[in-house]
Amino acid sequence: MISEIPILPQNPTLKGQAELKQHIVYSQNSQELTLILPWAIRNDRTQGPRRPLILFVQGSSWTTPNLNYEIPMLSHFAEEGIAVATVCHRSAAEGHPFPAFLLDVKCAIRFLRAHAEEYGLDPQRIAAFGTSSGGNTVCLLGLTGDDPSLKTEEYAEQSDAVCAVTACFAPTDLPALFDYLKEWPGIDQSMAAYFGPDPVKQPEVMRAFSPVYRVEEGKQYPPFLLLHGTGDPVVPCAQMDALYTRLKAVNADVKAYYVDGAEHEGNFWSPEVRRVIHDELTERLK
């Protein structure tokens with residue numbers, strides 16, 4: 001060795017390293033998820049520590065989520081030792097009306113619990129994080145954990161409950177939201193795709209998948225973190241207010257933040273917003 005060449009330390013625990021695993025099929029209906037996992041020594045996750053998991057659902061207007069959209073942000077969690085799964089679900093635009101999206105994401109949770117040893121996951125520490133329609137999804141996950149009416153036969157022995165929920169600009173009161181959107185071009189076709197073609201039955205379906213109508217007295221819910229831009233032209237921040245108020249009314253653990261002037265995606269993602277989400281999820285997954 002040459003004395004003038006500096007020596008840097010090695011990384012025996014592989015701290016700060018992460019691996020991307022794509023195209024993992026989790027359901028018989030061919031739905032996929034992407035995993036971002038902390039590196040494992042000798043690539044053997046069965047021998048290392050079990051990692052907590054964030055299950056992320058990207059907003060897609062209940063169509064097909066882009067699994068790559070938030071990879072840059074989500075990868076930082078894996079670098080800190082928290083695994084992340086970003087999950088696809090069936091699209092309402094392709095003939096899969098409600099509740100197909102929710103059944104699929106619940107199936108993904110059960111799949112991940114069933115394969116927890118293979119991926120080095122802690123099945124007791126799974127939090128849900130979502131944006132827009134994905135925020136609606138994760139709110140419903142938090143409010144309907146292990147609801148038998150929303151469980152399919154795949155991995156039915158596993159739980160689909162989550163230990164914490166973080167939702168950004170989420171639709172929470174669908175009747176109010178679609179009344180607000182009633183003048184938008186193509187809204188009738190979208191509503192038929194989401195809620196079925198019969199306008200008489202649509203209000204019942206909308207209520208069933210509105211988190212504000214799922215909150216019940218006397219039930220235990222995981223902690224919620226809600227964030228919403230005050231300038232959102234697509235999903236008004238009154239949607240967050242409605243769920244926050246309803247959760248408060250039943251003494252649930254809920255925190256909320258307005259993002260000053262922020263719209264839907266885009267300028268919503270300030271460093272301060274990311275910090276609040278990061279701190280909440282890492283605290284809940286300790």
Side-chain angles (χ1 to χ4, degrees), residues 14-24 32-39 51-89 105 108-109 112 119-122 125-139 141-142 162-171 222-232 234-235 237 240 255-286:
L14 307 183
K15 182 178 180 180
Q17 303 299 308
E19 176 185 5
L20 188 69
K21 288 183 171 289
Q22 296 180 292
H23 307 300
I24 298 171
E32 295 185 354
L33 60 82
T34 292
L35 273 175
I36 317 170
L37 297 173
W39 269 7
R51 306 291 189 172
L53 174 71
I54 297 168
L55 180 126
F56 179 74
V57 187
Q58 172 64 42
S60 63
S61 298
W62 296 284
T63 60
T64 301
N66 178 352
L67 298 190
N68 298 320
Y69 193 79
E70 288 292 355
I71 290 291
M73 176 174 68
L74 299 171
S75 65
H76 293 301
F77 287 103
E79 291 168 2
E80 296 182 43
I82 298 172
V84 180
T86 179
V87 179
C88 201
H89 56 69
V105 176
I109 295 173
L112 289 163
Y119 295 124
L121 305 175
D122 182 347
R125 292 186 292 165
I126 299 179
F129 173 22
T131 60
S132 194
S133 63
N136 166 271
T137 306
V138 299
C139 288
L141 290 177
V162 296
C163 69
V165 172
T166 293
C168 300
F169 40 92
F224 277 70
L225 171 66
L226 308 174
L227 302 97
H228 214 117
T230 61
D232 192 328
V234 181
V235 180
C237 66
M240 182 184 80
K255 293 188 287 189
Y257 292 85
Y258 296 118
V259 183
D260 188 29
E263 299 177 0
H264 207 73
E265 294 282 12
N267 65 1
F268 177 88
W269 297 105
S270 68
E272 291 79 8
V273 165
R274 291 176 183 260
R275 176 186 55 77
V276 165
I277 293 170
H278 168 273
D279 291 352
E280 173 73 10
L281 289 170
T282 54
E283 176 66 24
R284 296 300 184 183
L285 290 171
K286 279 184 177 177

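Residue numbers start at 1 and run along the sequence shown.
Of the inter-residue distances, the one linking M240 atom CE with D232 atom CG reads 11.0 Å to the nearest 0.5 angstrom. The line from CD of Q22 to CG of L67 is 8.5 Å long, rounded to the nearest 0.5 Å. One distance of note links CD of Q58 with OG1 of T64; it measures 12.0 Å at 0.5 Å rounding. Between the CZ atom in R274 and the CG atom in D279 there is a gap of 13.5 Å [rounded to 0.5 Å]. In this structure, CD in E19 is found 13.5 Å from OG in S75, a value given to the nearest 0.5 Å. Distance check, rounded to the nearest 0.5 Å: CD of E79 to CD1 of I36 gives 9.5 Å.
Looking at L55 and L141, their side chains come closer than 4.5 Å, going by heavy atoms from C-beta outward. Within the 4.5 Å cutoff, side-chain heavy atoms of Y69 are placed close to those of E265. In this structure the side chain of N136 never reaches within 4.5 angstrom of the side chain of V57, judged on heavy atoms. Between L112 and L33, the closest side-chain pair of non-hydrogen atoms falls below 4.5 Å.
By the ring-ring contact (aromatic ring centres under 6.0 Å, His included) test, F56 is found to be paired with F129, residues two or more places apart in sequence or in another chain being considered. The side chain to side chain donor-acceptor pair (under 3.5 Å) test applied to Y258 returns D241, not counting sequence neighbours. Looking at residues two or more places apart in sequence or on another chain, you find a side chain to side chain contact (heavy atoms under 4.5 Å, CB included) between H278 and F77, E80, T282. Applying the ring-ring contact (aromatic ring centres under 6.0 Å, His included) rule to F268 yields the partners F169; only residues at least two apart in sequence or on another chain are considered. Residues meeting the side chain to side chain donor-acceptor pair (under 3.5 Å) test with K255, sequence neighbours left out: E280. For D122, the side chain to side chain donor-acceptor pair (under 3.5 Å) partners are R125, not counting sequence neighbours.
Annotation for P222 and A164: closest pair CB-N, 3.8 Å, computed over non-hydrogen atoms. Considering every non-hydrogen atom in both S61 and S133, the closest pair reads N-OG, 3.2 Å. Nearest heavy atom pair, residue T230 against residue G261, reads OG1-N, 2.6 Å. Across every non-hydrogen atom of C163 and P223, the tightest pair is O-CD, 3.3 Å. Taking both residues in full, the closest heavy atoms of G135 and A167 are given as O-CB, 3.8 Å, listed atom of the first, atom of the second, then distance. Between L35 and A85, the shortest heavy-atom distance links the atoms CD2-CB, 3.7 Å.
The side chain to side chain contact (heavy atoms under 4.5 Å, CB included) with L37 is formed by just one residue from the set V84, L121, L20; it is L121. In summary, of the residues considered (L53, I82, I126), a side chain to side chain contact (heavy atoms under 4.5 Å, CB included) with L285 occurs for I82 alone.
Judged by distance alone, the side chain of T34 and the main-chain N or O of T86 form no donor-acceptor pair under 3.5 Å. In terms of modelled atom types and a separation under 3.5 Å, the side chain of S132 and the main chain of A170 share no donor-acceptor contact. Within the 3.5 Å criterion, the main-chain N or O of A108 finds no donor-acceptor partner in the side chain of H89.
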Task: Full working for side-chain contact (heavy atoms from CB on, under 4.5 Å) between V259 and C168 - done: CA-CA 10 Å; V259 183; C168 300; over 6 Å; no
- [ ] Starting from the C-alpha separation in whole Å, work towards a yes-or-no answer on side-chain contact (heavy atoms from CB on, under 4.5 Å) for V235 and H228.
- [x] CA-CA 9 Å; V235 180; H228 214 117; 3.6 Å; yes
TODO: Go through the steps to decide whether L281 and L225 satisfy the test side-chain contact (heavy atoms from CB on, under 4.5 Å), and finish with yes or no.
DONE: CA-CA 9 Å; L281 289 170; L225 171 66; over 6 Å; no
Task: Criterion side-chain contact (heavy atoms from CB on, under 4.5 Å) on M73 and W269, from CA distance to verdict - done: CA-CA 10 Å; M73 176 174 68; W269 297 105; 3.9 Å; yes
